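The structure under discussion appears below in the form of structure tokens.
The figures that follow rest on heavy atoms only: side chains count, while hydrogens, waters and symmetry mates do not. Note that the structure is a prediction, hence the values are computed from the model and not measured.
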Amino acid sequence: MLRFVAVHPVAFPEAQLQELANEPMPEGVTWDSTYNASADGRSFCHWKAPSKDAIIAIFTKYEIPYEAIHVVRRFDPATGVMEPEGAEEKIAAPA
């Protein structure tokens with residue numbers, strides 16, 4: 001399973017996040033967390049999914065704006081280990 005960080009051009013209100021959290025996700029897709037940078041008007045969401053297309057489908061279905069989706073690897077400072085190398089790319093939002 002790949003990890004992704006999505007960058008959104010909005011700091012989502014808590015009520016909107018709660019609504020989205022109650023929506024069903026496709027099999028194999030997990031929305032792990034969202035970090036709001038309210039002062040900057042942006043949000044960053046951590047996802048696990050089989051592909052970027054699975055996340056884009058969710059954003060399209062629920063009309064969630066995004067600027068980019070990045071494939072990321074996790075480094076665990078407690079163990080000093082980085083997740084195995086995978087495809088690393090930046091996927092820009094459609095124009």
### Message
Could you go through His8 and Arg42, starting from their C-alpha distance and side-chain angles, then the distance that decides it, and tell me whether this counts as side chain to side chain donor-acceptor pair (under 3.5 Å)?
### Response
CA-CA 6 Å; His8 303 277; Arg42 296 168 67 95; over 6 Å; no
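- Distance check, rounded to the nearest 0.5 Å: CG of Leu17 to CZ of Phe12 gives 6.5 Å.
- In this structure, the separation between CD1 on Ile58 and CH2 on Trp31 is 10.0 Å, given to the nearest 0.5 Å.
- In terms of heavy atoms, Pro50 sits closest to Gly28 at CD-O, 3.4 Å.
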### Query
So Val71 and Arg3, side-chain contact (heavy atoms from CB on, under 4.5 Å) or not? Walk me through it.
CA-CA 6 Å; Val71 177; Arg3 288 184 191 270; over 6 Å; no
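- How far SG of Cys45 is from CD1 of Ile64: 7.5 Å, rounded to the nearest 0.5 Å.
- Salt-bridge annotation for Lys61 and Glu23: absent, with no side-chain N of the basic residue lying under 4.0 Å from a carboxylate O of the acidic one.
- Put simply, Val10 and Tyr62 are part of the same group of oily side chains (I, L, V, M, F, W, Y) that touch within less than 4.5 Å, one to the next.
- Remark: aromatic rings of Phe59 and Trp47 are close, center separation under 6.0 Å.
- The line from CZ of Phe4 to NE2 of His46 is 10.0 Å long, rounded to the nearest 0.5 Å.
- Counting heavy atoms from C-beta on, the side chains of Tyr66 and Ile56 come closer than 4.5 Å.
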### Query
For Phe44 and Asn36, what are the C-alpha separation, side-chain angles and deciding distance, and is it a side-chain contact (heavy atoms from CB on, under 4.5 Å)?
CA-CA 6 Å; Phe44 305 88; Asn36 268 349; over 6 Å; no
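- In this structure, NZ on Lys48 lies 8.5 Å from CZ on Arg74, to the nearest 0.5 angstrom.
- Minimum interatomic distance between Ala11 and Ser43 (heavy atoms only, all atoms of both residues): CA-OG, 3.3 Å.
- The CZ atom of Arg73 sits 13.5 Å away from the CG atom of Asp76 when rounded to the nearest 0.5 Å.
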